[in-house]
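This report refers to the structure that appears directly beneath it.
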Amino acid sequence: MSNADSTMAYPFDDIEPRWQDYWEEHQTFRTPDEVPEEEEKVYVLDMFPYPSGSGLHVGHPEGYTATDIVARYKRMQGVHVLHPMGWDAFGLPAEQYAMKTNTHPRKTTKENIAQFKRQLKRLGFSYDWQREINTTDPDYYKWTQWIFLQLYEQGLAYQSEERVWWCEELGTVLADEEVIDGKSERGGYPCKRVPMRQWVLKITEYADRLLEGLDDLDWPESTKEMQRNWIGRSEGANIYFDLVDVDDSLKVYTTRPDTLFGATYMVLAPEHDLVDEITTDEQREAVEAYREEALQKSDVERQQDEKTGVFTGGYAVNPATGEEIPVWVADYVLASYGTGAIMAVPAHDERDYAFAQEFDLPIREVVEGGDIEEAAYTDDGPHVNSANDEVDLNGLDKADAKDRIVEWLEAEGEGEHQVNYQLRDWLFSRQRYWGEPFPIVFTEDGEDKPVPEDELPVTLPDLDVFEPSGTPEGPLATIDDWVETTDPETGEPVIRETNTMPQWAGSCWYYLRFIDPDNDELPVDPEKEQYWMPVDLYVGGSEHAVLHLLYARFWHKVLYDAGVVSTKEPFQTLVHQGMILGEKEYTAYRTDDGAFVSAAHVDADPGSAGGDTRTGDELETVNVDETDVTKDGDVFVLADDPDVRVDARSHKMSKSRGNVINPDDVVDEYGADTLRLYEMFMGPLEQDKPWSTDDVEGVYRFLNRVWRLLVDDDTGEPTVTDEEPDRDQLRELHQTIKKVTQDIEHLNFNTAIAAMMEFLNAANKWDAVPQAVAEPFVLLLSPFAPHLCEELWRRLGHDDSLAYADWPEYEEALLHKEVVEMPVQVDGTVRATIEVSADAEEKDVIATAKENENVARHLEGATVQREIFVPGQIVNFVTS
RNA sequence: GCCGGAGUGGCGGAAUUGGUAGACGCAACGGACUUAAAAUCCGUUGGGGCCUGUGCCCCGUGGGGGUUCGAGUCCCCCCUCCGGUACCA
């Protein structure tokens with residue numbers, strides 16, 4: 001039963017497609033190719049979507065509406081706006097679908113894009129569709145390959161043997177998350193890690209610049225912090241430990257060189273190069289077995305709490321104490337961080353402490369302050385037991401001890417100060433079909449060579465059959481007549497690189513291509529780039545807080561160094577829209593025989609089935625209607641049985657939960673303007689918010705009231721008058737202009753809408769609406785509900801679109817009320833509200849306040865110590 | 001564990017530099033219109049208490065303390081929830 005069926009509803013289903021056609025026909029939102037002469041510009045960008053087969057989700061229009069409002073608002077202010085949209089269309093799902101149905105990913109992708117585009121157009125976004133780009137288009141990925149060549153030529157791309165999960169049965173390489181317990185997630189077939197030659201990008205070379213660049217960006221603090229943590233810069237020292245009976249030394253990285261005197265053993269990662277050399281014959285078998293086991297474990301499995309490890313039989317010399325200390329192999333030391341080896345200081349490191357306890361290794365205190373019988377002490381304190389003939393750390397604190405010992409190590413040639421990063425170089429190849437081919441060939445003697453620029457793009461060959469390649473090298477390796485080619489320079493036979501680029505590649509620079517999408521000479525014209533960059537507002541999900549945004553910043557800096565772009569950072573202001581959750585659900589728990597169990601006794605993730613914590617019985621979940629629950633203190637209980645607590649929360653939308661809202665359905669029922677307005681009205685943009693169909697109807701009613709305020713339902717004629725607006729009407733209008741303008745500037749769309757609702761409530765009480773008030777109001781509403789407002793604008797007598805009409809400006813003088821209400825407090829408690837003239841003097845206001853009966857009553861018998869007067873805000877009498 | 005964010009009516013959420021807590025919307029209730037329903041319109045709605053009534057009093061922004069004439073807002077301590085991350089030496 002929807003209100004939308006009512007005959008009273010405004011005809012959105014007629015209005016919306018009509019205006020969408022108009023905009024398309026008139027190219028209303030086309031941004032000219034030429035660089036405008038006027039300075040002022042704004043580049044408003046959405047994170048472009050992956051066009052999945054399931055179509056648009058209600059989460060998409062949230063960010064897209066926000067940027068659309070800003071774009072439309074800025075256009076009306078006469079600013080040049082770049083507001084494009086495109087498709088991040090390479091990726092695994094289309095390839096998996098191809099293997100299931102033997103449909104070419106190109107076809108699937110094309111269909112999905114058509115679906116997405118149709119859905120977006122229905123929502124009336126003001127994109128310049130002439131600039132649409134698609135990462136799978138050879139004219140686009142030509143330049144992705146070109147950028148790879150820039151990286152290659154600058155020495156930022158190298159090849160390395162990296163281990164991948166290979167599943168013999170499935171005949172394909174799997175990602176980490178597709179392998180569980182060494183078995184494939186699909187089918188449960190055994191997998192093993194095999195080394196593969198892969199391309200890796202030297203993002204670590206840019207670590208410091210990526211870190212520093214964050215400081216000046218107007219980004220959410222949490223996102224900047226996540227990037228900082230991801231880069232993970234730390235300062236410490238490399239220290240060299242000579243090996244006993246082996247002519248080599250062991251290099252370790254530590255952030256606590258000051259605890260060197262407490263290093264009582266050492267640990268190598270199982271992958272460490274020196275394991276073989278160090279291991280003694282007696283220990284070899286045990287070490288080999290341990291190593292074998294560790295190599296087949298996934299990273300997750302290796303991060304179990306219990307520490308495992310095995311003694312190598314070898315010893316190293318602690319350079320500070322001269323002691324010979326045992327060298328172990330353990331998988332709590334990661335090969336990928338630091339040098340893959342550590343000096344273990346069990347007294348002052350929790351992990352080393354746990355390991356030492358497990359294997360009964362000595363624990364020696366070198367920093368005072370804790371109780372090392374109980375636990376590792378990692379805080380600061382005076383150093384002890386830390387002196388030899390040449391250096392003495394005793395009594396020093398952490399910072400001084402670090403300086404002193406590093407100085408000594410450097411003088412002795414036993415170590416040096418070292419900065420380290422958690423950031424790893426970027427594994428840039430995938431053993432897949434549906435991605436950008438690398439512009440690289442290999443000569444017969446195995447040398448890699450770049451494909452010359454004028455030979456780009458290296459296009460993806462077609463495949464007849466989509467099936468697992470049967471080789472870890474991926475599907476392209478099976479196409480001989482593509483792989484085998486000739487070197488255009490020498491005419492010699494060469495073979496092509498058969499890896500493809502990861503999905504991130506295309507999204508690393510798409511914001512540049514939007515500026516100049518058809519350029520076949522360059523990725524982007526420098527003059528246009530200088531005008532439009534940086535992106536002024538970038539909106540997208542926080543799931544991209546690290547990877548996409550870090551990779552894109554990295555490429556941008558490389559392009560900056562190559563002189564392709566003029567800004568050091570691509571995205572000046574970044575906003576993450578919150579997640580839209582499903583409708584709020586109340587969940588009760590029940591036993592087999594139908595008895596309710598209070599949620600207080602249920603052990604389960606809220607909303608999913610679980611067990612009774614007292615009896616262990618399995619419980620089923622029941623959805624309870626909102627009307628059958630009631631609030632009891634902080635929790636909800638069944639109205640009929642207040643002893644039974646129920647879970648009340650909204651969940652992430654998912655097919656399995658069946659709480660997915662399809663934007664198409666909402667548009668069918670209420671129209672695009674309602675969907676847009678609702679998503680903006682739900683709450684602050686950045687916040688997660690639950691969907692509520694009742695609330696959708698609320699904003700729909702608002703749009704209907706706007707329509708009825710200005711248009712006669714029977715005749716379709718406007719109901720406005722040409723009378724001069726009175727003072728009250730002007731004040732209402734100008735207050736609304738001010739509020740809406742400021743709120744859009746701050747992306748506070750929910751309160752902007754509330755202000756317009758307040759305006760409407762006021763206007764509904766007027767006998768008639770003057771045209772001079774109606775028109776600015778329609779303009780204010782237009783970025784939010786563009787179809788409705790275009791229609792109203794037309795009916796109010798305008799021939800052109802309002803897309804470039806002047807944004808209304810408020811007059812300060814019209815905002816003021818002549819008479820204002822002021823609360824009067826006695827000792828901080830409001831006792832009355834008085835009406836005074838807005839420009840009344842303090843003494844008059846105080847006098848009026850004192851005359852108030854209730855105020856007088858509270859002041860009776862008391863001495864007024866102070867009189868607080870804040871003009872227009874408050875009067876407060878403080879008594880003794 | 002660590003980092004980040006948030007706790008305000010039955011619900012989503014408002015609240016400039018500290019200045020009438022609960023704007024706006026939903027839901028609920030009452031009324032008008034209607035043969036009736038829907039839609040629409042008007043009104044009430046944080047909790048408790050006093051009063052014939054205009055009205056008045058007390059409590060109230062996760063909990064406890066503090067600063068201030070005045071605290072949702074600032075300071076200290078604690079609790080809960082959400083997101084991220086986790087053997088990074």
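All chains are named by letter (A, B, ...) in the order of the sequence lines, taking the proteins before the strands, and each is independently numbered beginning at 1.
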B:C2 pairs with which nucleotide, Watson-Crick or G-U wobble, both distances below 3.5 Å? B:G84

How many Å lie between CZ on A:F877 and P on B:C69, as a whole number? 17 Å

Can you tell me if CD on A:E860 sees more than 12 non-hydrogen neighbours from other groups inside 6.0 Å? no

B:G25: pairing nucleotide in any strand, Watson-Crick or G-U under 3.5 angstrom: B:C11

If you look at every strand shown and take non-hydrogen atoms under 4.0 Å, does A:G338 touch a base, only sugar-phosphate, or nothing? nothing

When you check the side-chain N and O atoms of A:Y810 and A:T736, is any donor under 3.5 Å from an acceptor? no

When rounded to whole Å, the CH2 to C1' distance for the pair A:W707 and B:U40 reads 17 Å

B:G70 P sits how many Å from A:H858 NE2, rounded? 17 Å

Under 4.0 Å between a side-chain nitrogen and a carboxylate oxygen: does that hold for A:D349 and A:R256? no

What's the CD-P distance between A:Q825 and B:U20, to the nearest Å? 8 Å

B:G9 glycosidic conformation (syn if within 90° of 0, otherwise anti) is syn

When the nearest nucleotide of RNA chain B is assigned to A:T255 and to A:K689 on a heavy-atom basis, which residue is associated with the more 5' position? A:K689

Could you check whether A:K584 pairs with A:E626 (Lys NZ or Arg NE/NH1/NH2 to Asp/Glu carboxylate O, under 4.0 Å)? no

Between A:D827 and A:T879, do the side chains contain an N or O donor and an N or O acceptor separated by less than 3.5 Å? yes

Could you tell me if A:S234 and A:N420 have a donor-acceptor pair between their side chains, going purely by distance under 3.5 Å? no

So does A:S234 get a side-chain nitrogen or oxygen closer than 4.0 Å to the phosphate oxygens (OP1/OP2) of B:A89? yes

Between B:C41 atom C1' and A:R705 atom CZ, what is the distance in whole Å? 10 Å

Electrostatic pair A:K402:A:E235 at N-O distance under 4.0 angstrom: no

So A:Y700 and A:Y670, would you call those rings parallel, tilted or perpendicular, with 30° and 60° as cut-offs? perpendicular

Just by distance, no angles: are the side chains of A:Y586 and A:D628 close enough, under 3.5 Å, to form a donor-acceptor pair? no

RNA chain B-proximal residues of residues 758-766 of chain A, any heavy atom under 4.0 Å: A:E758, A:N761

Is the phosphate of B:C69 approached by A:R866 (side-chain N or O, under 4.0 Å from OP1 or OP2)? yes

Going by purine N1 to pyrimidine N3 plus the second Watson-Crick contact, or the G-U wobble pair, all under 3.5 Å, which nucleotide sits opposite B:C56? B:G49

Ion pair A:E221/A:R228, N-O distance below 4.0 Å: yes

Ring-plane angle category for A:F784 and A:F749, please: parallel below 30°, perpendicular beyond 60°, tilted otherwise. perpendicular

Scan A:D352 against the nucleic acid and name what it touches under 4.0 Å (heavy atoms): base, sugar-phosphate only, or nothing. nothing

In residues 217-233 of chain A, which residues come under 4.0 Å of RNA chain B by heavy atom? A:S222, A:E225, A:M226

Please state whether the phosphate of B:A27, meaning OP1 or OP2, lies under 4.0 angstrom from any side-chain nitrogen or oxygen of A:R701. yes

Using a 4.0 Å heavy-atom cut-off, does A:E626 contact any base of the nucleic acid, only the sugar-phosphate backbone, or nothing at all? nothing

Salt bridge A:K251-A:E416, side-chain N to carboxylate O under 4.0 Å: no

note: A:D628, atom CG; B:A28, atom P; distance rounded to Å ~ 13 Å

Heavy atoms within less than 4.0 Å of RNA chain B: which residues of residues 744-755 of chain A have one? Give them sorted by number. A:N750, A:T751, A:A754

Strictly below 4.0 Å: does A:K631 bring a side-chain N or O up to OP1 or OP2 of B:C11? yes

Nearest 0.5 angstrom please: A:D640 CG to A:T630 OG1, how far? 10.5 Å

How would you label the contact of A:R831 with the nucleic acid (heavy atoms, under 4.0 Å): base, sugar-phosphate, or nothing? sugar-phosphate

Quick check on B:G13: is either OP1 or OP2 less than 4.0 Å from any side-chain nitrogen or oxygen of A:Q687? yes

Name the pairing partner of B:C41, where a pair is Watson-Crick or G-U wobble with both distances under 3.5 Å, or state none. B:G31

For A:D694, which contact category applies under a 4.0 Å heavy-atom criterion: base, sugar-phosphate, or nothing? sugar-phosphate

